[in-house]
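All chains are named by letter (A, B, ...) in the order of the sequence lines, taking the proteins before the strands, and each is independently numbered beginning at 1. In this text the structure is predicted, and so the values were computed from the model without any measurement.
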Amino acid sequence: MKRRFPKGGYTFPVRKKGPSTSFITSPLPKKVTIPLIAAHGTVMDLTVKKGDAVTAGDIIARNDQALGPAIVASISGVVEHIGEIGYLGRSVTAVTIRSSGTDSVRDIRHISRHQCDVIYISGASACGCDGIPTQYNSSRLSPASVTSIIITAIDSEPFSVLNETLLLENAKQFTEGVNLLHRLFGKVLPVHIVARSGHIKRLGFTGQMKERPWLHVHAGTKKYPHTLSIPLIERAFGRALSDKEDAVSLGCVILNVRDVLAINEAVNHGRPLIEHIFEVTGPGFGRSALAQARIGTPLKHLLPDIALADTGMRWVLNSVMSGTVIDDPAMPVTPLIQSIICIPEKRERELLWFLRPGSNRDSYSGAYLGGFMKGVTKDFNTNMHGEARPCISCGWCEEVCPRQTLMPHQIVRYAEKGLFEEAARFRPFLCIECGLCSYVCPSKLPLLERIRQCKQELQKAETP
Amino acid sequence: MTLFIQRILEKIGHLLESGPLLARAKPLFDAIDSFLLSRETVTPAAPHIRDAMELKRFMILVVAAAMPLALFSIYQYGWRAVAIILVSYLCGVGAEAVFVVARREEFTEGAFVSCMLYPLTLPPTIPLWMAGLGIIVGIVFGKEVFGGTGKNIFNPALVGRVFIAVAFPVEMTTRWLMPASGGLGRFTAYTSDTVTGATPLIVYKGTRAVTPVADLFFGNIPGSLGEGCKILILAAGLFLILTRIVNWRLPVSMLGAVWVASYFGSALWPERIAPPMFQLLSGGLLFGAVFMVTDPVTCPVTRPGKYIYGVLCGLLTVLIRNFSGYVEGVMFAILFMNIFAPLIDETVFLLTFREKRASQ
């Protein structure tokens, strides 16, 4: 029997709404604060100064020597302030632009004949897991080292609907974008799309594959974390990756549907990346919605309740499994925001909780009725649902782990005693930090935290 | 109601903080507190949501799976079965509580499973003090001396069972009861006086007579409290596998090994080795395969290790049953293999990660 990759994973029983998901927009903001944030903490060089007039789409910061994309103004107006702000746990320079009231946007189509140039100038090279490779050092990959493009069109994160909604609503633009991507780097590259089998049929991908030999469409599942980059490559290539292999070493550009649409907008329609689409979802929000805003718009303009104290809600950035808590309502919108998830904080104690049938509870085990009652909405909240206990070696963390031969329980057994060298034997660097092991652990052990700590300690020991 | 209990518990909690002697009872109070009310603790960091499964539910489901067997034992042997189970809980949980207080550690739920499974492996005529002594030895020397739940090498219930089997062989091997059948059974009686000396395995050892499969299957044979009805044991096994509490590889490999070994063994050496169906359905094999081999703490953690462990448990059972002076070999086989579980795992690790070692 042929083995399917990636292994493990877990489908969260969350009923996701289809393309009719509601939309959150804000009017043209009077002021935006654009953090000059780039992957890997690169310091960007400002190309504007206080008092300069800018048009939406003008580059305001770039650094062609260091890794990172160009950053463009998202509204037309005047640079009002340049200063430091706290963003995602670090201090970054931010440019505040006051709107002039006009909504003019620079058309960048005719700036260069090279599509890669257009992608860089539009700011769209910030898309993708590692950025889009251009000659301006916008990604850890160079255009010459790209060997394939892998696009995920599935949402496996619990509560997430972004990719599938955008795919179904923008199928034509998506196909345009895919056609553009395969010849973007001066050679014909294989493009792998991992989509749900229903969508493959509905959007006629099978027929397209016959016409385009470079297109490979794979049926994927909604199992989390199968849409993260490593499992995605394993699905596309049909083999398990080692702990030395990743997207960069294999030359893979990993994109999602939104990235493809942004690249298409920039290259085919000359529109710079001034607006950003992300999703707002989660049981605390009540519905799933797509939000569209100019980059730099404070989140509180879109979501007045966000990160307010005493609302009994926790707002999480990007992933409820591995993301961080949003504690600043004025946090500006950037391309680093994929989704915002709102989950109720639950501190109430319940009588004989563990003895109840639990038709509204989610569990990897079949220990609650909820596992057999698919129609009942599951109650997701921040409660730990139990106390920390010693590991009983149930092996669930290993079963759900998407990486071949990774044994979270063994790594943690040694890591919590400080025996990191011993833990290294179980290859902790295979871990992609999806957090699924911590989720399923019935002993409520902080497996993700311990493995992260183990990796850090081993890296420290390796650096002289 | 919840708020009322919460307030009472908070008051007792404050009271316990008032003196150093009372503070020693904190772990026991915490155990009762978390048993009655769920905790208010929220996730400190990612992942921000957690699975609803917890160890209390994990353990209570094993107890629930064994409950029909306990009920059936009352039907077969009278209410004395309940007395044995209660004594087991009293002594076992008591022993655990003493260690919890002495060590100032949290009370873990594993003891509830050991105290339920252990009495089901005992003969119905066992003196109550003996049953109590066995579980105390099991919990103390099988688990607590190793550092408590998760750190034990041996299955505590089996340590207790083997201890009394070796210490009191007469009571443990010669005094069996013929089970009741039909009507209300012994639901109306405390116990029975009709002592018989022979379980199907003893009969086979003496006369080579094989008990009919139907009698073995429906439990119409003398034996330990919980090993009677094989349908209930199989149902419990299925339930535990479906809830992922039991890893199916262990019972399947153990039973498979017993079947294969006795199928070929009885064909080659019929005067020594019993036929496969008799082997599978007699004694404590099914009970052991569902409840004892599957103890996650004492079995290997690797997948290939689980198969090896199960197969060796099965082969050893056939070996002890048919070639040693003992009539039953399941508990010895599992306890013996408990010793080798870490070695099996280590071998699997060496083979799995050899590529890494070579590259270093």
Side-chain angles (χ1 to χ4, degrees), chain A residues 158 314 316 319-325 341 343 345-355 358 361-368 370 380-387 389-396 398-399 405 407 409-410 425-427 435-436 438-444 446 448-449, chain B residues 1-3 5-6 9 30 33-61 105-106 108-110 147-151 239 241-245 247 295-303 306 345 349 352-353 355-357:
Chain A
R314 186 185 293 190
V316 181
S319 167
V320 78
M321 297 301 286
S322 57
T324 50
V325 176
I341 309 116
I343 346 158
E345 294 270 19
K346 190 184 173 194
R347 294 178 198 271
E348 295 92 60
R349 305 186 71 184
E350 280 181 53
L351 192 63
L352 297 174
W353 192 86
F354 74 100
L355 286 176
R361 292 181 198 167
D362 170 51
S363 177
Y364 171 71
S365 66
Y368 289 100
F380 286 98
N381 52 57
T382 60
N383 196 279
M384 284 289 277
H385 306 311
E387 298 93 43
R389 291 277 182 260
C391 174
I392 57 157
S393 309
C394 64
W396 292 354
E398 192 187 331
E399 277 173 34
T405 73
M407 294 181 174
H409 53 98
Q410 287 300 312
R425 182 183 171 207
F426 298 98
R427 301 184 194 176
L436 207 48
S438 294
Y439 178 80
V440 299
C441 181
S443 294
K444 309 294 169 190
L448 171 64
E449 210 176 297
Chain B
M1 179 68 176
T2 309
L3 272 176
I5 294 173
Q6 196 171 335
L9 288 170
D30 284 344
D33 179 73
S34 65
F35 182 88
L36 289 173
L37 296 176
S38 61
R39 289 279 190 209
E40 66 273 45
T41 331
V42 292
T43 51
H48 299 275
I49 51 172
R50 293 291 167 97
D51 194 296
M53 190 61 164
E54 58 170 318
L55 229 47
K56 279 200 282 293
R57 180 79 172 189
F58 194 103
M59 298 303 178
I60 214 77
L61 286 183
E105 277 180 2
E106 282 189 323
T108 52
E109 297 80 5
T149 301
K151 298 182 186 118
F239 170 74
I241 287 171
L242 286 177
T243 49
R244 289 189 203 262
I245 286 169
N247 193 311
D295 173 17
V297 179
T298 55
C299 76
V301 295
T302 54
R303 250 177 229 189
K306 284 189 168 79
D345 272 339
F349 291 152
T352 313
F353 301 115
E355 175 197 340
K356 169 108 180 169
R357 290 172 73 86

Original post:
Where on B/Phe35 is there a heavy atom nearer than 4.5 Å to chain A: the side chain, the backbone, both, or neither?
Top reply: both
Original post:
Regarding B/Ser38 and A/Glu350, is there a side-chain donor-to-acceptor distance under 3.5 Å anywhere?
Top reply: no
Original post:
So which of A/Tyr368, A/Trp396, A/Phe380, A/Phe426 has the biggest tally of heavy-atom pairs under 4.5 Å with chain B?
Top reply: A/Tyr368
Original post:
Considering all heavy atoms of both residues, which atom of B/Thr243 and which atom of A/Ser365 are nearest to each other, and what is their separation?
Top reply: O-CB, 3.3 Å
Original post:
Given the options B/Val297, B/Leu37, B/Leu61, which has more heavy-atom pairs under 4.5 Å with chain A than any of the others?
Top reply: B/Leu37
Original post:
Can we call the ring centroids of A/Trp353 and A/His385 under 6.0 Å apart?
Top reply: yes
**OP:** Report the option among B/Arg50, B/Glu40, B/Gln6 that has the most heavy-atom pairs separated by less than 4.5 Å from atoms of chain A.
**Re:** B/Arg50
Subject >> Exam field: side chain B/His48 to backbone A/Gly323, donor-acceptor pair closer than 3.5 Å >> reply: yes
Original post:
Top residue by heavy-atom pair count (under 4.5 Å) with chain B, among A/Ala367, A/Cys391, A/Gly435, A/Gly370?
Top reply: A/Ala367
Original post:
Where on A/Gln410 is there a heavy atom nearer than 4.5 Å to chain B: the side chain, the backbone, both, or neither?
Top reply: side chain
**OP:** Answer yes or no: is there a side-chain heavy-atom contact under 4.5 Å between B/Arg57 and B/Glu109?
**Re:** no
Original post:
Among B/Arg39, B/Arg303, B/Lys151, which residue forms the greatest number of heavy-atom pairs with chain A at distances under 4.5 Å?
Top reply: B/Arg39
**OP:** Look at B/Cys299, B/Gly150, B/Pro296, B/Ala52 and state which one has the largest set of heavy-atom pairs under 4.5 Å with chain A.
**Re:** B/Ala52
**OP:** Against chain A, work out which of B/Thr41, B/Leu3, B/Ile5 has the most heavy-atom pairs shorter than 4.5 Å and name it.
**Re:** B/Thr41
Subject >> Presence of salt bridge, B/Asp33 and A/Arg349, under 4.0 angstrom >> reply: yes
**OP:** Check each atom of B/Leu55 against the heavy atoms of chain A and say whether the ones under 4.5 Å are side chain, backbone, both or neither.
**Re:** both
Original post:
Do the charged groups of B/Glu106 and A/Arg389 touch, with an N to O distance under 4.0 Å?
Top reply: yes
Original post:
Which answer fits B/Leu242, side chain, backbone, both or neither, if we ask what part of it has an atom under 4.5 Å from a heavy atom of chain A?
Top reply: backbone
Original post:
Looking only at side chains, do B/Thr43 and A/Arg314 share a donor and an acceptor under 3.5 Å apart?
Top reply: yes
Original post:
Quick one: what part of A/Ile343 sits under 4.5 Å from any heavy atom of chain B, side chain, backbone, both or neither?
Top reply: side chain
**OP:** Look up atom CE in B/Met53 and atom SG in A/Cys441, then write down how far apart they are to the nearest 0.5 Å.
**Re:** 11.0 Å
**OP:** Heavy-atom pairs under 4.5 Å with chain B are the metric here; pick the option from A/Asn381, A/Asn383, A/Val440 that has the most.
**Re:** A/Asn383
Subject >> Minimum heavy-atom distance between B/Thr302 and B/Phe349, given as atom pair plus value >> reply: CG2-CE2, 3.4 Å
**OP:** Using non-hydrogen atoms and a 4.5 Å limit, figure out which bit of A/Leu355 sits close to chain B: side chain, backbone, both or neither.
**Re:** both
**OP:** Tell me, for B/Ile60 versus chain A, whether the close heavy atoms (under 4.5 Å) come from the side chain, the backbone, both or neither.
**Re:** side chain
Original post:
Hey, does A/Ser438 have a side-chain heavy atom less than 4.5 Å from the side chain of A/Glu449?
Top reply: no
**OP:** Could you tell me which non-hydrogen atom of B/Val301 sits nearest to which non-hydrogen atom of B/Asp345, and how far apart they are?
**Re:** N-OD2, 2.8 Å
**OP:** Check whether B/Asp30 gets within reach of chain A through its side chain, its backbone, both or neither, counting any heavy atom under 4.5 Å.
**Re:** neither
Original post:
With a 4.5 angstrom heavy-atom cut-off, which part of A/Ile392 approaches chain B: side chain, backbone, both or neither?
Top reply: both
Subject >> Part of A/Val316 lying under 4.5 Å from any heavy atom of chain B >> reply: side chain
**OP:** Would you mind telling me which of A/Met384, A/Glu345, A/Lys346 has the largest number of heavy-atom pairs within less than 4.5 Å of chain B?
**Re:** A/Met384
Original post:
Who wins among A/Gly386, A/Gly395, A/Pro446 for the most heavy-atom pairs under 4.5 Å with chain B?
Top reply: A/Gly386
